[in-house]
Q: 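To start, I am sharing the structure in question, which I have written as structure tokens.
Every heavy atom of this structure was used, including side-chain atoms; hydrogens, water molecules and symmetry mates were not.
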Amino acid sequence: VQLQASGGGLVQPGGSLRLSCAVSGRTFSRYVMGWFRQAPGKEREFVAAISWTGGRRLYADSEKGRLTISRDNARNTVYLQMNSLKHEDTAAYYCAAGPVTTDQPGPYNYWGQGTLVTVSQ
């Protein structure tokens, strides 16, 4: 399974970005998909996850209301829409695939390479 994240970039505070993660190699629709992020000097942290049907979504408490995770199983792609971005959202964002809908990184078997989001004036 290969995961390719994209969509990061430089955005001003209050702006929006949509990250994408394209998955290839196995049956995408059977994987739970998650997004994690890692800021410089900090540990990797959970952002959002979506079940393989899309019926269950988890969000980090600090991100509720600003983020929307979605997936298109026909396109083998998961998305993370981020609104009202803040300086503290600056991080490398990683997508991951695994068997269970969880906020813990351990169960995710496959990881993408990360896409950098920088929130700055």
Q: Within the side chain of Arg57, is there an N or O that forms a donor-acceptor pair under 3.5 Å with the backbone of Ile69?
A: yes
Q: Pair Trp111, Phe36 - check ring-ring contact (aromatic ring centres under 6.0 Å, His included), show working.
A: CA-CA 10 Å; Trp111 292 80; Phe36 291 76; 5.0 Å; yes
Q: In Å and rounded to the nearest 0.5 Å, what is the CD to OG distance from Gln2 to Ser24?
A: 4.5 Å
Q: Do Val78 and Trp35 make a side-chain contact, defined as non-hydrogen atoms from C-beta onward lying under 4.5 Å apart?
A: yes
Q: Given Val117, which of Leu10, Leu19, Leu80 fulfils the side-chain contact (heavy atoms from CB on, under 4.5 Å) condition?
A: Leu19
Q: Any donor-acceptor pair under 3.5 Å linking the side chain of Ser16 with the backbone of Asn83?
A: no
Q: With side-chain contact (heavy atoms from CB on, under 4.5 Å) as the criterion, how do Asn76 and Arg71 come out once you've worked through the C-alpha distance, each side chain's angles and the decisive distance to 0.1 Å?
A: CA-CA 8 Å; Asn76 287 4; Arg71 65 190 296 160; over 6 Å; no
Q: Check the surroundings of atom CD in Gln38: do more than 12 heavy atoms from other residues, nucleotides or ligands lie under 6.0 Å from it?
A: yes
Q: Do Tyr94 and Val32 sit in one hydrophobic cluster, given that two such residues count as connected whenever their side-chain heavy atoms are within less than 4.5 Å of each other, even indirectly?
A: yes
Q: Quick one: closest heavy-atom pair of Arg56 and Leu58, and the distance?
A: NH2-CD2, 3.8 Å
Q: Considering non-hydrogen atoms only, spot the tightest contact between Pro99 and Pro107 and give its length.
A: CD-O, 3.1 Å
Q: Is it true that a side-chain atom of Thr90 and a backbone atom of Val119 form a donor plus acceptor pair closer than 3.5 Å?
A: yes
Q: Is there a side-chain contact between Asn109 and Val1 (heavy atoms, below 4.5 Å)?
A: no
Q: Would Tyr93 and Arg37 count as having a side-chain donor-acceptor pair, cut-off 3.5 Å?
A: yes
Q: Is it true that Ile50 and Tyr59 fall in one hydrophobic cluster, defined by side-chain heavy atoms closer than 4.5 Å?
A: yes
Q: Side chains of Cys21 and Met33, heavy atoms from C-beta outward: is any pair under 4.5 Å?
A: yes
Q: Give the cluster check for Val47 versus Val11: same hydrophobic cluster or not, with ILVMFWY residues linked at side-chain heavy-atom distances below 4.5 Å.
A: yes
Q: Give the minimum heavy-atom separation between Ala49 and Thr101, together with the two atoms involved.
A: CB-CG2, 4.3 Å
Q: Say whether Asp72 and Thr77, considering side chains only, have a donor N or O and an acceptor N or O under 3.5 Å apart.
A: no
Q: Which heavy atom in Tyr108 sits nearest to a heavy atom in Val100, and how many Å separate them?
A: OH-O, 4.1 Å
